[in-house]
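Structure first, then comments.
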Amino acid sequence: MRLTEKILENDWIVACPAEEVQEEPIQVVILNERVVIFRTDNGVQAFKDLCIHRGAALSLGTVKDNCLVCPYHGWKYDETGDCVEIPQLPEDRAIPTKAKAIKYACKEAYGLIWVNFNNNAPELFDYPEYDDPNYRNIVWGGHVVDAKPPRIIENFLDVGHLAVLHGGYLGDEEHTEIQPYKMNNQEDGSIFSDEIPIFQPDPDGSGVAKDVYYTYGIYRPLAVRFTKRDPDTDHKFTILLLVRPIDENSSMVYGIMSFNYDNQQTDQETKDFQDIIFMQDKPIVENQKPEDLPLDLQVELSLISDRVSIAYRRYLTDKGFTLGTA
Ligand code: FES
Ligand SMILES: [Fe+2]
């Protein structure tokens with residue numbers, strides 16, 4: 001049974017990187033539901049990964065003539081989900097009207113595939129870096145994490161841990177203090193922080209330690225970002241972080257890394273570095289208790305420097321977001 005979370009079901013949920021969907025259909029588990037994603041001449045398509053005939057997984061089948069063909073008895077479903085061919089039926093027999101696959105809205109954007117369960121045409125949030133010719137974009141992940149989505153998102157929004165958990169990489173253990181900053185509501189419903197100075201040992205690869213400026217942003221319950229800006233060069237590096245809830249206890253994490261400068265690394269080197277950082281975060285997040293993010297701000301002890309995560313918790317409360325929260 002699909003996990004219920006109205007906000008997500010009415011929105012676009014990240015399914016996988018676009019490049020994972022080639023000629024063969026693939027299965028992606030979203031909110032505990034198996035979904036098959038495949039490509040036709042008209043773009044990407046998503047169905048519930050279930051054949052109504054005998055319950056086979058359609059993702060084990062093939063794509064033929066812009067249709068998805070079930071591997072078990074060869075029933076053929078067109079892009080709308082209608083069954084258009086049943087090999088076992090004598091030719092003069094009509095196809096039963098109930099022979100359909102359950103279709104979900106599906107689209108490709110920002111180098112990723114997105115699924116909308118309720119087919120209600122939501123607007124995808126705007127990630128301007130992706131369409132800006134001054135930026136190079138790299139899709140990162142997925143990584144499976146045994147944690148619930150809000151804990152993973154909050155870890156990404158946590159400015160105080162950079163100098164400690166990522167000391168030597170993203171911060172310096174001698175510079176752990178966080179200056180006061182504010183969170184600002186935007187007209188489109190997103191929330192962005194002021195720029196927050198972080199002292200980093202080698203922010204641009206030149207070997208010179210200095211302050212860089214982090215701006216955190218919340219677009220959606222499971223779509224957040226930060227931008228790191230170098231004040232001397234105005235070089236900007238953004239990560240958009242996206243989480244797909246797999247089931248009750250596990251999540252898939254994706255990112256888009258966007259650079260408006262040449263970071264002197266290949267895509268693979270850039271992803272490898274992000275993996276190193278992420279592997280420092282992963283055991284922390286997988287072992288946090290309670291697993292559900294407490295939305296009652298009295299339950300854990302917040303500092304002023306935790307304003308981004310406080311804003312995130314309030315945002316989830318305002319939205320009535322329940323998945324992985326308490
Ligand atoms: S189970 Fe799909 S065609 Fe029989
Ligand atoms: Fe981290």
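This is a predicted model, so every value here is computed, not measured. Order of appearance sets the numbers: ligands from 1, and atoms from 1 within every ligand. These values consider heavy atoms only, across backbone and side chains, with no hydrogens, waters or symmetry-generated copies.
In this structure, S250 OG and K148 NZ are separated by 10.5 Å, a value rounded to the nearest 0.5 Å.
For F192 and Y216, the ring centers are positioned 6.0 Å apart or more.
Checking side-chain atoms of R34 against main-chain N and O of K48 turns up no donor-acceptor pair under 3.5 Å.
Evaluation of the side chain to side chain contact (heavy atoms under 4.5 Å, CB included) rule for L301 yields no partner, not counting sequence neighbours.
By the 4.5 Å heavy-atom criterion applied to side chains, Q280 and Y169 are counted as neighbours. Between V224 and L241 the shortest side-chain heavy-atom distance falls below 4.5 Å. Within the 4.5 Å cutoff, the side chain of L240 has heavy atoms near those of the F125 side chain.
Pairs passing the ring pair (Phe, Tyr, Trp, His ring centres under 6.0 Å) check and including a residue from residues 274-326, sequence neighbours excluded, read W140-F278, H143-F278.
Within the protein, the number of N, O or S atoms lying under 2.8 Å from atom 4 (Fe) of ligand 1 is 2. Of all protein atoms, those of element N, O or S that lie under 2.8 Å from the Fe ion (ligand 2) number 4.
Ion pairing of E91 with R93 is absent here, as no side-chain N (NZ or NE/NH1/NH2) approaches a carboxylate O to less than 4.0 Å.
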